[in-house]
Structure formats: C-alpha cells, structure tokens
Colleague: 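Sharing a structure here in structure tokens format.
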Amino acid sequence: MATVTLEQSLDLYAMERSIPNIEYDPDQFPGLIFRLEQPKVTALIFKSGKMVVTGAKSTEELIKAVKRIIKTLKKYGIKIMGKPKIQIQNIVASANLHVNVNLDKAAFLLENNMYEPEQFPGLIFRMDDPRVVLLIFSSGKMVITGAKREDEVSKAVKRIFDKLAELDCVKPIEEEEELEL
Amino acid sequence: RWRKWQIRARIQSSIDRNLAQAMNELERIGNLLNLPKSVKDEAALIYRKAVEKGLVRGRSIESVVAAAIYAACRRMKLARTLDEIAQYTKANRKEVARCYRLLLRELDVSVPVSDPKDYVTRIANLLGLSGAVMKTAAEIIDKAKGSGLTAGKDPAGLAAAAIYIASLLHDERRTQKEIAQVAGVTEVTVRNRYKELTQELKISIPTQ
DNA sequence: ATATTACTTTTAAAAGC
DNA sequence: GCTTTAAAAAGTAATAT
C-alpha cells in the first residue's frame, strides 16, 4: 500500500463526471475510488491531490499502476503537472516455513504475542526489529504486515523461523505433497 | 501544595465514582451469567487496574466490565464465550473483544490459552451427561492435542465434537444440534471437528 | 449435506466527522 | 474512534443448492 502525492488540488466532482467506472460519494467517504484493471490496483483519490494505492504486488507494479492512473486522468482532460511522489507505507506478504508450528507452546514462550483461537486461528506476534506484525498459523504459513521495505519482510521471516526453532515450536510436516513444477 | 492535593483528590473521586458504577454493572452481568464470587472478585480486580491506568477513558464502562469478566473467566478456567458475556451489554462482541485486547496489552494480566477441556466440562454439565462421558471427551481432547489437531481451532467446537463422540461411545447419545447449541457453535463445525477427530485418531463409533 | 460467499485478524494512509 | 481500499493466512458462520 502506498501514498502518492501530486503537488496540486483536484476537482473530484469534475473527475466523477468525466471518468467512467469511478465511485465517488463524499457523504460516504471523502476519497474518489478508481479501479485500474492492469495492473489490478485500487486508488483512493483525494481533492488535495494525494492518493492511496492498494493491491500492487510489487514496487514495479505499483509504479506502472501510478503511471497508468495519471495517464488515464490526463486522457479525460484532468491537468496533472509535475511528477508524482510515491511512498510505500505498508507491505503485506505471506510466507511458508514448511513446518508445523506448535501455537500453544509458542504463545507461552514468545513475548509480544496474542493467541486466541476462539477469535482467530493465527497467533499474532509483534516483532520489534524489524517492526512488523506476523500472523502465524499452525501450518507454518504466515502473513507479515507493517513493513515499509521488502528486506524487512525477509528479515522478519528469518527471525521468526529461527526463534520458533530455538524455542522448539516447530515440527517437520509429515504428509509432504509438494509441487512438481 | 494545595493545588496538587486538589487535583489528586479530584482524580481519586472520579475513579471512585467510576468504580462504584462499574461494580454495579459487574454484579448485574455476573449474576446473569451465574458466576461464582471468586470470578466476580477477579474481574473486579482487573477492572480496578484498568481504571487506575485510565484505560476506560473514551470507552463505555459496560464493555470494559464485560472484557474484565471475560478475562477473569479465562484466568479461572471457567468456559464462557465472548458472545455469552456481550449479550448482556449494549455493546457487541467486537467492542468487548477490543476492550479485552486492550486489557491484555496494557495490564499485567496473563491469560492462559483456553483449554477445550474447560468447555467439555461445561457442555457435559449443561446436557446432563455422566462423568464417564466427560472423562472420555477429555481423553479425546488430550489425544487431539498430541496429534496437533487442536491448533487454531475454536476450543468450543473441539469440545463439542469430543462430547458428541464420547456420548456415542457411552450410549448416552445427544444430537449434534443439541450439543452445537449449548456449545455456541454451528452444527457444521461440530460435524467438521467430529470427522477430523474420528479419522485422525482412528476412533470407531459402533454403528447403530 | 455440501458448496459458495462472507466475515474474523493485522497493517497503513488519505480528509473529515 | 469511524468511514474506504486490498491482501494473505485458516477457521467459522451464513446462505445457497
């Protein structure tokens, strides 16, 4: 997820009238919703000229999407000056440790965690360095969120794997199906 | 310093007023849930800590009381779902859950991961099942834990399925519907857990 | 009775209520 | 705090067939 800053104000009403497939209901939300099909992302565009772009799978995809969004705006007669400033605010990733995790044991031994199976099946671990939040599942699969750089994600995965192994919370998976690509 | 004393006294009185109201709520909800005095006392202790840390500001006393009750039940190993507690408040489960997470993060109250066996006891009692059924269900839960079948699963659903299996083995059959209802889960969940437990633990149910 | 679809959790930002 | 957007994980719930 990233924010994009265009150093200018935008007339959302004019955009709503001229651009097709746009959602804009200021009573419901101050941003205009723009969905791009290729790359598939969604942008929330505000009258300040700032936008929020979600759904991009990589930095390259994000940059391409922002260029296309601006190209589309221009195509419909919206004047855009200067180049957009793109800032990645949050990276959400998933990973697979390929081991089973003993969540009961991990919940007891890890420090900043919350494991409430009646509420959610994953153990929520707040890591200090890098500062990310991990949702760890017994299957060994996980979600990493809160990172601003890609290297924080890989560092977090390595750290949690080492920590879980060190605490003896991992067990090899018996039934290995595994892909044959 | 008069000023300092005055401010302190004012804060204390506001805490006192908040506590007085909270204790009434705690008594009301606690009685509706038939909670033993020990659990209500524990909840009161947790709530007092919360007020003293100023965690109730901007939140309804009722939902924080409900969250404290839930935390107390967990600590005392009394099986109660968040929904059962939230139903007696104007707040919904989501709001009470939010307060509960706040208590866990901000207070030094450690809450153990809930044990499906605590739900086994409660479900068996509510359905009037024998101690033998209860014992077998608890054994099934232990085996399930050993086989890693419980991680991430709702303890109430696991307990419901274990009770269902045990009731069949002891010829004290209860329907999945009856069990699901008192456990606070759906029949589909009982059925899914039942299938997994019987298959993975190789439990054969005498066909009748 | 099973198959979809939808919601639970986490994260971040935008402008305004 | 709320509103809106997206995405993944695995479990459960609600609704459809």
Side-chain angles (χ1 to χ4, degrees), chain A residues 1-6 9-10 12 23-36 39-58 61-62 65 86-97 101 103 113-127 130-148 152-153 156, chain B residues 57-60 63 81-83 92-95 97-99 101-102 149-158 160 176 180 183-193 195-196:
Chain A
M1 187 234 91
T3 50
V4 177
T5 305
L6 300 172
S9 57
L10 265 16
L12 300 186
E23 276 179 56
Y24 183 46
D25 181 0
D27 292 330
Q28 187 188 180
F29 188 68
L32 178 155
I33 304 169
F34 182 113
R35 289 169 208 278
L36 187 74
K40 196 183 175 211
V41 301
T42 298
L44 305 178
I45 306 176
F46 301 85
K47 64 176 184 285
S48 62
K50 292 186 177 178
M51 19 195 280
V52 170
V53 180
T54 60
K57 290 269 182 272
S58 66
E61 212 178 272
L62 171 67
I86 303 174
Q87 292 174 288
I88 294 175
Q89 303 289 166
N90 179 33
I91 295 176
V92 181
S94 60
N96 190 348
L97 300 181
V101 181
L103 298 182
N113 80 88
M114 167 119 89
Y115 175 48
E116 299 279 323
E118 42 270 276
Q119 185 120 62
F120 187 71
L123 180 151
I124 300 163
F125 178 66
R126 290 164 198 281
M127 189 176 276
R131 196 157 196 82
V132 298
V133 173
L134 302 103
L135 310 183
I136 306 165
F137 300 85
S138 66
S139 63
K141 290 185 180 179
M142 53 198 268
V143 172
I144 305 90
T145 185
K148 281 202 157 54
E152 293 175 331
V153 174
Chain B
R57 285 176 189 170
R59 257 167 266 273
S60 76
S63 34
T81 64
L82 216 46
D83 276 311
N92 55 342
R93 191 204 79 264
K94 200 168 182 176
E95 174 59 20
R98 198 197 315 279
C99 293
R101 267 173 248 143
L102 183 78
L149 300 174
T150 61
K153 268 94 167 196
D154 183 350
L158 286 165
Q176 292 183 357
V185 297
T186 63
E187 289 177 66
V188 178
T189 294
V190 177
R191 203 171 299 130
N192 288 340
R193 293 302 127 242
K195 281 182 187 168
E196 188 175 45

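The chains referred to below are lettered A, B, ... by the order of the sequence lines, with proteins before strands, and numbering in each begins at 1.
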Colleague: Between dA15(C) atom C1' and K50(A) atom NZ, what is the distance in whole Å?
Modeller: 10 Å
Colleague: Look only at the side chain of N113(A) and the backbone of I124(A), and say whether a donor-acceptor pair between them is shorter than 3.5 Å.
Modeller: no
Colleague: Remember a base hit wins even if backbone is also touched, and classify R59(B) as base, sugar-phosphate or nothing at under 4.0 Å, heavy atoms.
Modeller: nothing
Colleague: Which one, dT4(D), dA12(C), dA6(D), comes nearest to the side chain of T42(A)?
Modeller: dA6(D)
Colleague: Would you say the side chain of L36(A) lies within less than 4.5 Å of the side chain of T42(A), judging by non-hydrogen atoms?
Modeller: no
Colleague: Can a side chain N or O of R131(A) be found less than 4.0 Å away from OP1 or OP2 on dT11(C)?
Modeller: no
Colleague: Mind calculating the distance between CD1 (I45(A)) and C1' (dA6(D)) to the nearest angstrom?
Modeller: 16 Å
Colleague: Do V132(A) and V153(A) touch side chain to side chain, with heavy atoms closer than 4.5 Å?
Modeller: no
Colleague: For nucleotides 7-9 of chain D, tabulate all protein N/O to nucleotide N/O atom pairs closer than 3.5 Å, reporting atom names and distance.
Modeller:
none

Colleague: Rounding to an integer number of Å, can you tell me how far N92(B) CG sits from dG1(D) P?
Modeller: 15 Å
Colleague: Counting only side-chain heavy atoms from C-beta out, which of dA14(C), dA12(C), dT5(D) sits nearest to M1(A)?
Modeller: dA12(C)
Colleague: Remember a base hit wins even if backbone is also touched, and classify R98(B) as base, sugar-phosphate or nothing at under 4.0 Å, heavy atoms.
Modeller: sugar-phosphate
Colleague: Answer yes or no: does a side-chain N or O of S48(A) lie under 4.0 Å from OP1 or OP2 of dA15(C)?
Modeller: yes
Colleague: Side chain of K148(A) only, please: which of dA12(C), dT5(D), dT11(C) is the nearest?
Modeller: dA12(C)
Colleague: Compare all side-chain heavy atoms of D154(B) with those of V185(B) and state whether any distance is below 4.5 angstrom.
Modeller: yes
Colleague: For F125(A), is there any backbone N or O sitting under 3.5 Å from a side-chain donor or acceptor partner on Y115(A)?
Modeller: no
Colleague: Calculate the interatomic distance between D25(A) atom CG and dA14(C) atom P; express it in whole Å.
Modeller: 21 Å
Colleague: Grab the CD1-C1' distance between I124(A) and dA10(D) for me, whole Å please.
Modeller: 13 Å
Colleague: What is the distance from CD1 of I33(A) to P of dA14(C), rounded to the nearest Å?
Modeller: 17 Å
Colleague: Could you check whether F34(A) and Y24(A) have their ring centres less than 6.0 Å apart?
Modeller: no
Colleague: Quick one, give me the B/S/- string for nucleotides 12-17 of chain D, reading 5' to 3', where B means a protein heavy atom under 4.0 Å from the base and S means that only happens at the primed atoms, P, OP1 or OP2.
Modeller: SSS---
Colleague: Rounded to whole Å, how long is the line connecting atom NZ of K94(B) with atom C1' of dT10(C)?
Modeller: 12 Å
Colleague: Taking side chain as C-beta onward, heavy atoms only, is E152(A) less than 4.5 Å from M127(A)?
Modeller: no
Colleague: Looking at Q89(A), is its backbone amide N or carbonyl O close enough to the side chain of K148(A) to form a donor-acceptor pair, meaning the two atoms are under 3.5 Å apart?
Modeller: yes
Colleague: Checking contacts here: which listed nucleotide (dT3(D), dT8(C), dA6(D)) is nearest the side-chain heavy atoms of T54(A)?
Modeller: dA6(D)
Colleague: Is any side-chain heavy atom of F29(A) less than 4.5 Å from a side-chain heavy atom of F46(A)?
Modeller: yes
Colleague: Any base atoms under 4.0 Å from R191(B), or only sugar-phosphate, or nothing? Heavy atoms, all strands.
Modeller: base
Colleague: Looking at side-chain heavy atoms only, is the closest gap between T150(B) and K153(B) below 4.5 Å?
Modeller: no
Colleague: Evaluate side-chain contact (heavy atoms from CB on, under 4.5 Å) for M1(A) paired with V52(A), printing each intermediate quantity in order.
Modeller: CA-CA 7 Å; M1(A) 187 234 91; V52(A) 170; 4.2 Å; yes
Colleague: If only side-chain N and O atoms of Q89(A) are considered, is one of them under 4.0 Å from the OP1 or OP2 phosphate oxygen of dT11(C)?
Modeller: no
Colleague: Examine dT8(C): is either OP1 or OP2 under 4.0 Å from a nitrogen or oxygen in the side chain of R93(B)? Give yes or no.
Modeller: no
Colleague: Find the runs of at least 3 consecutive base pairs, i with j, i+1 with j-1 and so on, that include DNA chain D, using Watson-Crick or G-U wobble geometry with both distances under 3.5 Å.
Modeller: C:1-11 with D:7-17, C:13-17 with D:1-5
Colleague: Are K47(A) and dG16(C) close enough that a side-chain N or O sits under 4.0 Å from OP1 or OP2?
Modeller: yes
Colleague: If you check the L44(A) side chain, which of dT8(C), dA14(C), dA12(C) turns out closest?
Modeller: dA14(C)
Colleague: Whole-Å distance between dC17(C) P and D27(A) CG?
Modeller: 11 Å
Colleague: Looking at the side chain of P30(A), which of dT9(C), dT5(D), dA15(C) is the nearest nucleotide?
Modeller: dA15(C)
Colleague: In whole Å, measure the gap between the P atoms of dT4(C) and dA6(D) for me.
Modeller: 23 Å
Colleague: Do E61(A) and K40(A) have side chains that approach each other closer than 4.5 Å (heavy atoms only, starting at C-beta)?
Modeller: no
Colleague: Is there side-chain contact between M142(A) and V101(A), with at least one heavy-atom pair below 4.5 Å?
Modeller: no
